[in-house]
Amino acid sequence: MNTCCLCEEMKELWKEQQMLSEFGKGFRFVHMPNPKDTIPFMLQTTDQSIPFTAMIGGHSTPYFRLEKIDEESCCAQLSMLLPVDLKGQPAMTDQDLYALRKTSHCILVKICGFCSITPLPSELVGRTLPVVESKV
């Protein structure tokens, strides 16, 4: 059994993400228009000021979703989340981030190579862009 404490944190995140995805199902009278199934997060390497990033479509992203975790090896499959701004364009800075879009791009990482995880609000994933009417 692996003793990496960040691996334990990721296992807990996996459990909570599974509970989140099941929460909106099975109700007879309650309708949840946008059920959540993702707890987005960032990973930090030993240098706390720089988050781990991966490339997607010519842009780098520090935002991920946990797809699978192997508890024995403490390896995780992460899907990349694309940060977008208010206009739906790739966000260039953290200040421009309005929403996170799921992608089918995945990477495999060894969790013990990281020193911390920063979870983000699940409401960011799939957040609807505001309608901006032009003034004519």
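Just so it is clear, the structure is predicted and the values come from calculations on it, not from any experiment.
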All pairs passing salt bridge (Lys or Arg N to Asp or Glu O under 4.0 Å) where residues 75-86 contributes a residue, at least two apart: none
Heavy-atom pair with the smallest gap, counting every atom of P62 and T53: CB-CG2, 3.9 Å
SG-SG distance C112 to C74 under 2.5 Å: no
Within one Ile-Leu-Val-Met-Phe-Trp-Tyr cluster: L120 and I56, side-chain cutoff 4.5 Å: no
Sequence-distant partners of F64, ring-ring contact (aromatic ring centres under 6.0 Å, His included), two or more places apart: F52
Nearest heavy atoms of C75 and L108, plus distance in Å: CB-CD1, 4.4 Å
Pairs where residues 90-105 contributes a residue and the test salt bridge (Lys or Arg N to Asp or Glu O under 4.0 Å) is met, not counting sequence neighbours: D37-K102
Hydrophobic cluster membership, M80 vs M10, 4.5 Å side-chain cutoff: yes
Q77 side, atom CD; E67 side, atom CD - distance, nearest 0.5 Å: 6.0 Å
Residues 13-20, side-chain donor-acceptor partners within the protein, below 3.5 Å, at least two apart:
{"residue": "Q17", "atom": "OE1", "partner": "I39", "partner atom": "N", "Å": "3.0"}
{"residue": "Q17", "atom": "NE2", "partner": "L66", "partner atom": "O", "Å": "2.8"}

V84 reachable from L81 in the ILVMFWY side-chain graph, under 4.5 Å edges: no
T61 to P83 - nearest heavy-atom pair and separation: OG1-CD, 3.5 Å
same_hphob_cluster(V125, I107) at 4.5 Å side-chain heavy-atom cutoff: no
K11 vs I69 side-chain heavy atoms within contact, under 4.5 Å: yes
Distance (rounded to the nearest 0.5 Å) between L43 CG and F114 CZ: 5.0 Å
Student check: side-chain heavy atoms of T38 and S122 closer than 4.5 Å: no
Sequence neighbours excluded - ring-ring contact (aromatic ring centres under 6.0 Å, His included) pairs with any residue from residues 74-112: none
Distance (rounded to the nearest 0.5 Å) between S60 OG and M92 CE: 9.0 Å
Partner set under side-chain contact (heavy atoms from CB on, under 4.5 Å) for D70, not counting sequence neighbours: E72, S73
Distance in Å, E71 CD paired with I111 CD1, rounded so as to fall on 0.5 Å steps: 12.0 Å
Pairwise side-chain contact, M42 with Y63, heavy-atom cut-off 4.5 Å (strictly under): yes
